[in-house]
Amino acid sequence: MCGIVGYLGKKEKKEILLDGLSELEYRGYDSAGIAIIEDKKLSNFKAVGKIANLREKTKNFSSDGFGIAIGHTRWATHGKPTELNAHPHLGEYSYVVHNGIIENYQELKKELQKEGVNFLSQTDTEVIVHLFEKYYMQTQDSFDAFKKTISRLEGAYAILLISKADTKTIFFAKNGSPMLLGFDKKDIYFASSDTPIIGKATQVYYLEDGEYGYAQKGSVALFNRDKEVTITKQALVADKTLAQKDGYRFFMEKEIYEQSDVMSDTMIGRILDNSVYFEELDATFLDTITAIKICACGTSYHTALASSYLFERLAKIRCDVEIASEFRYKEPLLDKNTLFITISQSGETADTLEALKMAKKAGLKSLSICNVDNSSIVRESDTAILTRAGIEKGVASTKAFATQMMVLWMLSVQLGQKRNTLSQEQREVEIEAMLQTPKALIVTDTLHHKLNRLSKRYLHGHGFFFIGRDIFYPLALEGALKLKEISYLHAEGYPAGEMKHGPIALADSELFTIALMPKSMHYDKIKSNVEELSARDSTILAISSEPFDLADDFIQTEHDSHPMLEFFEMMVVTQLLALEISIRLGNDVDMPRNLAKSVTVE
Ligand code: F6R
């Protein structure tokens with residue numbers, strides 16, 4: 001998501017910042033900006049969209065004397081992606097960049113506004129720079145003002161601040177959001193991850209939570225709770241791709257681990273006072289709709305299918321789901337009061353885009369749920385909700401799937417609110433479960449290790465059946481798709497109750513059943529279906545919070561207080577299973593044969 005770069009030294013600062021921000025592009029962003037102080041002169045540039053736009057704006061600017069510089073890529077959370085909301089944020093004479101969320105910003109903003117401070121942006125970040133200037137006015141001591149500022153902040157942050165009050169110093173602080181210091185001779189670098197400084201700095205120090213301080217020519221003063229701390233530098237890796245993977249073997253593995261964090265980004269600013277709220281949907285957008293039709297392909301089709309259960313159950317609205325390539329040629333009957341939703345991680349899938357154009361032509365309102373802003377599908381839709389998963393590099397989708405599912409769940413609750421189909425109590429149950437989701441997505445060492453060991457027993461056989469009921473049926477489809485995509489083994493997802501209507505004929509010890517057995521939803525029904533398969537000697541891997549004696553292998557889950565929590569936890573298990581099987585088979589996990597990340601042909 002957001003990214004930070006900083007530099008103190010004599011080199012051309014603009015280039016260091018722009019190159020560094022480009023290295024962070026893969027995380028996703030929708031605006032960028034830089035601020036530089038050189039020879040007491042402050043320069044600042046911001047642009048919405050790609051770094052290329054910022055490059056264009058700065059093409060006549062250079063800065064190669066000693067100076068201080070900070071830069072940022074922003075993924076909008078509080079406030080729209082506009083230049084005013086882009087970082088660095090200006091006070092009267094200081095600039096700040098910030099990653100994270102200042103939870104008490106509204107309270108601080110009110111306090112500052114009462115004292116006559118004028119705010120330019122809608123962001124939480126802007127309070128930091130105004131607080132700094134307020135305290136500087138009182139003490140005329142810039143470090144003291146910075147310390148007082150961070151002592152007022154609640155929440156997560158990585159901060160860089162520069163000021164005309166002290167033109168040779170960069171102030172920094174870290175709490176809950178990553179930040180590091182890079183060193184090369186007298187040059188000092190800052191960044192939110194190491195890729196921007198690889199090839200520039202030779203040594204690195206990863207800041208700990210609660211640490212803050214300042215950098216000046218060739219030296220850094222580091223503190224924790226008012227005590228000065230010694231910096232123990234370590235050598236910086238030299239391989240960028242390795243660094244981008246943050247030590248994981250594959251991007252897909254990293255993306256599975258990231259799901260817990262990105263899920264919080266998906267929810268930020270969208271759950272307020274026990275209600276779901278999407279600023280992307282204006283007050284009347286959902287007013288006239290009487291039904292929903294969703295079109296998507298592949299993994300996105302699976303979230304669509306799962307959401308159809310939620311829309312009907314929570315919002316009591318009819319919801320049909322179609323594979324986009326089928327929808328296009330069936331001469332569908334479309335009703336103007338139907339909301340047409342497209343779901344796509346890339347926003348470029350040709351079949352989904354064409355289905356959207358057809359629906360628009362027929363006069364339907366359209367909404368897309370997408371991970372890529374300004375993509376073709378987003379531009380074509382009346383409105384779009386971004387899933388905020390950050391860039392997904394693994395071809396087999398994981399975090400994009402997870403965040404799509406969250407947006408759809410939230411949307412079904414929002415519709416339930418609007419249509420009065422959910423009591424206050426039901427709404428609170430759903431929202432409480434949403435807030436618990438990041439926990440259910442945490443990958444523990446024990447789980448990963450267990451799946452690594454189990455995977456060696458599932459490398460042969462004549463096929464896999466992933467089975468589930470209700471929303472766990474689309475999850476079974478998705479589990480099977482993940483496995484086929486990266487292991488090249490034959491796998492199918494099936495509604496558990498359908499097995500006896502044909503596929504059970506395949507059951508023998510070489511048929512692997514992956515059974516999704518949620519405790520909070522139709523447990524006894526799925527249990528009977530799995531017993532039927534066990535009786536025919538199928539090899540069974542059961543995933544449940546409830547121990548199941550007939551399973552050959554068992555993965556015990558923890559979060560069973562709500563079906564969606566079970567859904568997300570089981571999703572992680574199926575993703576890791578596919579990953580470990582694929583690695584054992586020696587496949588290229590991130591770039592499986594014959595597949596592309598963006599399918600722009602029909
Ligand atoms: C599988 C996967 C694909 C895509 C499908 C549609 O891991 O990612 O099945 O979901 O090609 O793509 P989008 O979601 O970009 O429309």
Side-chain angles (χ1 to χ4, degrees), residues 28 250-256 258-259 262 266 294-307 321-328 340-357 359 366-381 384-408 466 474-489 491-493 571-572 574-579 581-582 587-602:
F250 294 94
F251 281 109
M252 182 185 171
E253 185 177 28
K254 176 173 176 245
E255 286 155 6
I256 292 171
E258 273 171 1
Q259 292 178 119
V262 295
T266 305
I294 314 184
C295 266
C297 303
T299 284
S300 303
Y301 169 73
H302 297 153
T303 54
L305 203 55
S307 73
V321 178
E322 303 209 35
I323 290 179
S325 56
E326 287 299 309
F327 173 83
R328 285 178 67 182
F340 193 80
I341 302 182
T342 46
I343 307 174
S344 172
Q345 47 91 18
S346 65
E348 300 299 342
T349 304
D351 284 320
T352 311
L353 182 59
E354 285 311 312
L356 169 60
K357 287 182 183 162
S366 58
L367 163 67
S368 59
I369 293 170
C370 189
N371 199 35
V372 182
D373 198 7
N374 296 316
S375 57
S376 306
I377 289 176
V378 166
R379 279 184 279 117
E380 189 66 34
S381 312
I385 298 178
L386 295 177
T387 49
R388 304 177 179 163
I391 287 183
E392 190 176 62
K393 285 208 163 183
V395 166
S397 181
T398 51
K399 60 177 182 169
F401 171 84
T403 51
Q404 283 173 357
M405 197 61 243
M406 176 54 88
V407 166
L408 287 157
F466 285 67
L475 184 60
L477 289 171
E478 175 60 10
L481 181 65
K482 281 301 81 97
L483 185 64
K484 318 189 233 243
E485 284 183 292
I486 59 174
S487 73
Y488 318 141
L489 296 170
E492 281 189 58
M571 175 198 77
V572 172
T574 56
Q575 292 168 341
L576 288 172
L577 178 69
L579 174 87
I581 291 178
S582 170
N587 299 343
D588 184 342
V589 170
D590 286 333
M591 271 184 266
R593 69 185 187 202
N594 309 336
L595 298 179
K597 190 72 188 154
S598 191
V599 185
T600 51
V601 290
E602 73 167 296

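Along the sequence shown, residues are numbered consecutively beginning with 1. Note: hydrogens, waters and symmetry copies are ignored here, and every other heavy atom, side chains too, is used. Each ligand, and each atom within it, is numbered from 1 in the order the structure gives.
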| Glu348 side chain to Ser376 main-chain N or O, any donor-acceptor pair under 3.5 Å? | yes

| Considering distance alone, does some N or O of Thr352 sit under 3.5 Å from an N or O of ligand 1? | no

| Which ligand 1 atoms, with their elements, are less than 4.0 angstrom from a heavy-atom of Ala396? | 7 (O)

| message | Within the 4.0 Å heavy-atom shell around Lys482, which atoms of ligand 1 are there? | response | 1 (C), 7 (O)

| Considering only the protein, which heavy-atom contact is closest to atom 2 (C) of ligand 1, and what is its distance? | Thr299 OG1, 3.6 Å

| query | Tell me, which protein residue and heavy-atom name are nearest atom 15 (O) of ligand 1, and how many Å apart are they? | reply | Ser346 OG, 2.6 Å

| If you measure every N/O of Gln404 against every N/O of ligand 1, is any gap under 3.5 Å? | no

| query | Starting from atom 5 (C) of ligand 1, which protein heavy atom do you reach first, and at what distance in Å? | reply | Cys297 O, 3.7 Å

| Any side-chain heavy atom of Gln345 sitting closer than 4.5 Å to one from Thr299? | no

| Note: Arg328-Asp351 ion pair, threshold 4.0 Å (strictly below) | yes

| request: For Val395, counting its heavy atoms only, list the atoms of ligand 1 lying under 4.0 Å from any of them. | output: 7 (O), 8 (O)

| task | Would you check if Leu367 and Ile385 make a side-chain contact, meaning some heavy-atom pair closer than 4.5 Å? | result | yes

| message | Test your reading of the model: is there a side-chain donor-acceptor pair from Thr266 to the backbone of Thr387, 3.5 Å cut-off? | response | yes

| request: Could you check atom 11 (O) of ligand 1 against the protein and tell me its nearest heavy-atom contact, residue, atom and distance included? | output: Val599 CG2, 3.9 Å

| remark: If you scan protein heavy atoms around atom 13 (P) of ligand 1, the nearest is Thr349 OG1, 3.2 Å

| request: May I ask whether Glu348 places a heavy atom under 4.0 Å from ligand 1? | output: no

| said: Working to the nearest 0.5 angstrom, can you tell me the gap between Ser325 OG and Glu354 CD? | reply: 12.5 Å

| query | Relative to the heavy atoms of Glu485, which atoms of ligand 1 are at a distance of less than 4.0 Å? | reply | 1 (C), 2 (C), 7 (O)

| Testing Glu255, Gln259, Glu258 for side chain to side chain donor-acceptor pair (under 3.5 Å) with Lys399, which one passes? | Glu258

| message | Closer than 4.0 Å to some heavy atom of Ser397 - which atoms of ligand 1 meet that? | response | 7 (O), 8 (O)

| Under 4.0 Å from any heavy atom of Ser300, which atoms of ligand 1 are there? | 10 (O), 13 (P), 14 (O)

| task | Please check if the side chain of Tyr488 supplies one atom and the backbone of Asn587 the other of a donor-acceptor pair under 3.5 Å. | result | no

| Any donor-acceptor pair under 3.5 Å from Ser582 side chain to Ala578 backbone | no

